[in-house]
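All of these numbers come straight from a predicted model, not from anything done at the bench.
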Amino acid sequence: MRRIFSILVALSALVLTLLIPVGQASATPYCGIVWGSLERSNPTHGTSPLTNIRSGRHDCFDRMVLDIAGPATGYLATYVDQVHMDASGAPVPLRGSAFLQVVVHAPAYDTNGNSTYTPANFNELTNVTGYDTFRQIAWAGSFEGQTTIGLGVRARLPFRVFTLDGPNNGSRVVVDVAHRW
């Protein structure tokens, strides 16, 4: 009887060991990313103009960088059902299943009204072919001291926005969108 009891205890322990996950590996965020998908904003306004938009692929996220010819500026980035052109309100067609509207508080023109950023193709500001998350980066206008960019992405994924100083006297607004949750 004692032998049967010992076998049952051993089998129970084995079953419990198999049912209880080891550690918290499954709860670890993807690539350590703890961002969310809610609106990000910084209310700082500036007059330094936007001079370039570029993008890059990273192991855990895709990145869009907006170069500013002066101190870091504010921004508003949020998922929307449709990105609209500044001033006219016309819809901006974007590829992807989710759309980030990114507004930087920097004009794309100087104090004389001359363009400081003129893309070769307003519908494809950078080539994002082969990116994991980005599907399209498109122009949505520059009006009343701010510039709007439409970012088409694969899905509504976590993102972050931050500013960096440099190079030289310039700054950058950076938008990273994770490859997955």
Side-chain angles (χ1 to χ4, degrees), residues 33-58 60-96 98-128 131 133-153 155-178:
I33 292 173
V34 293
W35 321 326
S37 62
L38 298 178
E39 178 180 293
R40 308 278 189 278
S41 67
N42 173 340
T44 305
H45 284 271
T47 56
S48 299
L50 173 77
T51 59
N52 194 27
I53 297 173
R54 50 201 166 92
S55 63
R57 295 168 54 191
H58 295 266
C60 301
F61 55 86
D62 291 344
R63 172 172 283 179
M64 178 177 68
V65 178
L66 298 102
D67 294 320
I68 310 295
T73 186
Y75 53 81
L76 170 67
T78 188
Y79 280 105
V80 295
D81 293 330
Q82 176 75 57
V83 174
H84 295 278
M85 290 291 289
D86 281 345
S88 74
V92 176
L94 289 169
R95 291 184 301 279
F99 312 113
L100 263 174
Q101 180 167 299
V102 179
V103 179
V104 291
H105 301 157
Y109 47 84
D110 64 19
T111 55
N112 296 317
N114 301 311
S115 275
T116 57
Y117 173 68
T118 306
N121 182 343
F122 285 96
N123 296 317
E124 305 285 339
L125 300 181
T126 69
N127 182 359
V128 296
Y131 281 40
T133 298
F134 289 177
R135 296 296 179 256
Q136 184 180 2
I137 301 175
W139 185 256
S142 188
F143 183 70
E144 294 186 345
Q146 67 182 28
T147 301
T148 303
I149 305 301
L151 181 56
V153 296
R156 186 179 174 130
L157 294 162
F159 72 98
R160 68 178 174 179
V161 184
F162 57 96
T163 59
L164 294 171
D165 290 333
N168 302 317
N169 294 326
S171 61
R172 295 159 282 165
V173 175
V174 179
V175 179
D176 293 337
V177 183

Could you tell me whether the side chain of [X] and the main chain of [Y] form a donor-acceptor pair under 3.5 Å?
X	Y	result
Asp110	Asn112	yes
Thr133	Ala178	yes
Ser37	Leu157	no

Output the distance between atom [atom1] ([X]) and atom [atom2] ([Y]), rounded to the nearest 0.5 Å.
X	Y	atom1	atom2	answer
Leu66	Thr163	CG	OG1	12.0 Å
Thr51	Arg172	OG1	CZ	11.0 Å
Leu125	Met64	CG	CE	8.5 Å

Pairwise ring-ring contact (aromatic ring centres under 6.0 Å, His included) hits with a residue in residues 63-91, at least two apart:
Tyr79-Phe159
Please tabulate, for the side chains in residues 135-144, all donor-acceptor contacts under 3.5 angstrom to protein atoms that are two or more places apart in sequence or on a different chain.
from, atom 1, to, atom 2, distance (Å)
Arg135, NH1, Tyr131, O, 3.3
Arg135, NH1, Asp132, O, 3.4
Gln136, OE1, Arg95, N, 2.7
Gln136, NE2, Asn123, O, 2.8
Ser142, OG, Ala108, N, 2.8
Ser142, OG, Gln146, O, 3.3
Ser142, OG, Thr147, OG1, 2.9

With [X], which residues qualify under side chain to side chain donor-acceptor pair (under 3.5 Å), at least two apart?
X	result
Ser48	none
Thr44	Asn42
Asp165	none

Residues that [X] engages under side-chain contact (heavy atoms from CB on, under 4.5 Å), provided they are two or more places apart:
X	value
Thr47	none
Arg63	His58, Phe61, Val65, Arg160, Phe162, Val174, Asp176
Ser88	Met85, Ala90
Asn168	none

Of the non-hydrogen atoms in [X] and [Y], which two are nearest, and what is the gap between them?
X	Y	result
Thr73	Gly46	OG1-N, 3.9 Å
Gly70	Ser171	O-OG, 2.7 Å
Tyr109	Thr116	N-OG1, 3.3 Å
Leu50	Tyr117	O-CB, 3.7 Å

Strictly by salt bridge (Lys or Arg N to Asp or Glu O under 4.0 Å), give each pair with a member in residues 43-57 just once, sequence neighbours left out.
Arg54-Asp67
Among Asp62, Thr126, Asn127, find the one that has a side chain to side chain donor-acceptor pair (under 3.5 Å) with Ser55.
Thr126
Only residue of Leu94, Val80, Leu76 satisfying side-chain contact (heavy atoms from CB on, under 4.5 Å) with Gln101 is Val80
Is it the case that over 12 heavy atoms from other parts of the model lie below 6.0 angstrom from the CG atom of Asp81?
no
